[in-house]
Amino acid sequence: MNRSYFARSVHEVAHDLIGCRLAVGPTAGIVVEAEAYEASDPACHAYIGKTTRNEVLFGPPGYAYVYLSYGIHSLLNFVTEPEGTASAVLVRALEPTDGIDLMRERRGQERLEALCSGPGKLAEALGVDLSLNRADLFQPPFELDEPTGEWAGVEVVTGPRIGITKAAELPWRYSAARNRFVSRPWPGLTTTV
DNA sequence: GCCAGGATCGTCT
DNA sequence: GACGATCCTGGCG
């Protein structure tokens with residue numbers, strides 16, 4: 001994987017990230033849920049124009065956008081599309097694979113399903129905080145790899161995004177089908193390939 | 001199992 | 001001064 005992977009449509013990237021392996025330091029997991037936020041989208045932080053906080057969204061792709069939600073949780077995004085076009089993929093859930101004991105320690109939770117099944121949870125489990133805002137996804141501590149083995153060609157389903165009030169009806173949430181680590185299961189999903 | 005409530009702070013008006 | 005791209009706990013059935 002290289003930087004041009006992120007220079008595509010935010011929707012393509014969000015879809016294709018499902019099944020990819022994301023490592024941050026000694027912890028890692030498979031991406032099983034992600035959401036797309038594009039510049040023309042009222043729910044996107046870039047919608048209001050460039051500010052100090054969202055500046056990285058307007059820059060080149062393949063960088064991390066991390067911000068604080070509800071004053072408590074750090075949320076991890078990947079900047080997509082060419083420089084000048086502001087969009088990002090929110091990483092919403094992982095299936096844990098590496099450093100699981102460390103994740104348990106950081107999260108204060110034992111259940112495997114409770115470690116990375118939500119954007120705030122996975123950031124805490126991976127040790128992602130505001131200091132990683134603007135970090136290059138192609139440099140340590142990040143490591144990203146395309147799907148291998150059973151994850152190659154995994155079935156992806158789409159549905160409405162979660163936890164937003166603006167443009168909540170757009171089906172820009174992507175997740176692995178039949179996966180118990182997604183942040184929230186739902187009935188009647190549309191299946192894509 | 002479901003729901004209500006509270007924690008907590010950077011960012012923007 | 002208000003508002004979140006959230007999470008956990010406790011109460012109730």
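Separating the CZ atom of A:Arg184 from the P atom of C:dT6 is a distance of 8 Å, rounded to the nearest angstrom. If you measure from atom CD of A:Glu33 to atom P of C:dT6, you get 11 Å, rounded to the nearest angstrom. As rounded to whole Å, 16 Å separates atom C1' of C:dT6 from atom CG of A:Leu115. At whole-Å resolution of the value, CD in A:Glu113 and C1' in C:dC8 are 17 Å apart. Spacing between atom CD of A:Glu35 and atom C1' of C:dA5 amounts to 6 Å, rounded to whole angstrom units. For the pair A:Glu124 CD and C:dA5 P, the interatomic distance rounds to 19 Å; values are reported in whole Å.
Side chains of A:Val182 and A:Asn179 form a contact here, defined as non-hydrogen atoms less than 4.5 Å apart. Considering only heavy atoms from C-beta on, A:Asn54 stays 4.5 Å or farther from A:Cys44 through its side chain.
You'll find the ring centres of A:Phe6 and A:Phe78 inside the 6.0 Å limit. Taking the six-membered ring for Trp, A:His45 and A:Tyr67 have ring centres closer than 6.0 Å.
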*Which dot-bracket notation, 5' to 3', represents the base pairing of DNA chain B when pairs are defined as Watson-Crick or G-U with both distances under 3.5 Å, crossing pairs as [ ], and inter-strand pairs as |?*
|||||||.||||.
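Here the shortest heavy-atom pairing between A:Cys116 and A:Ala125 reads SG-CB, 3.8 Å. Listed here is the closest heavy atom pair of A:Asp136 and A:Gly62: OD1-O, 3.5 Å. When every heavy atom of A:His11 is checked against every heavy atom of A:Ala36, the shortest pair comes out as ND1-CB, 3.6 Å.
Shown for residues 50-82 of chain A: residues whose heavy atoms fall under 4.0 angstrom of DNA chain B, namely A:Thr51, A:Arg53, A:Leu68, A:Tyr70, A:Gly71, A:Ile72.
For A:Gln109, taking side-chain heavy atoms from C-beta onward, the closest of the listed nucleotides C:dT9, C:dA5, C:dC7 is C:dT9.
Between A:Lys121 and the phosphate of C:dC8, there is a side-chain N or O to OP1/OP2 separation shorter than 4.0 Å. OP1 or OP2 of C:dC8 has at least one side-chain nitrogen or oxygen of A:Arg107 nearer than 4.0 Å.
DNA chain C is contacted by both A:Gly163 and A:Ala114; A:Gly163 maps to the nucleotide lying nearer its 5′ end (nearest heavy atom per residue). A residue-by-residue look at A:Ser117 and A:Thr165 shows that A:Thr165 has its nearest nucleotide of DNA chain C further toward the 5' end.
Salt-bridge annotation for A:Arg8 and A:Glu81: absent, with no side-chain N of the basic residue lying under 4.0 Å from a carboxylate O of the acidic one. Look at A:Arg180 and A:Glu95 and you find no salt bridge, because none of the NZ, NE, NH1 or NH2 atoms lies under 4.0 Å from a carboxylate O.
Using a 3.5 Å distance cut-off with no hydrogens or angles, the side chains of A:Ser117 and A:Ser183 do not pair a donor with an acceptor.
Seen from the ring of A:Tyr37, A:Arg161 counts as a face-on cation partner, given the 6.0 Å and 45° thresholds.
For DNA chain B, the span of nucleotides reached by chain A at under 4.0 Å from its heavy atoms goes, 5' to 3', from B:dA7 to B:dC12.
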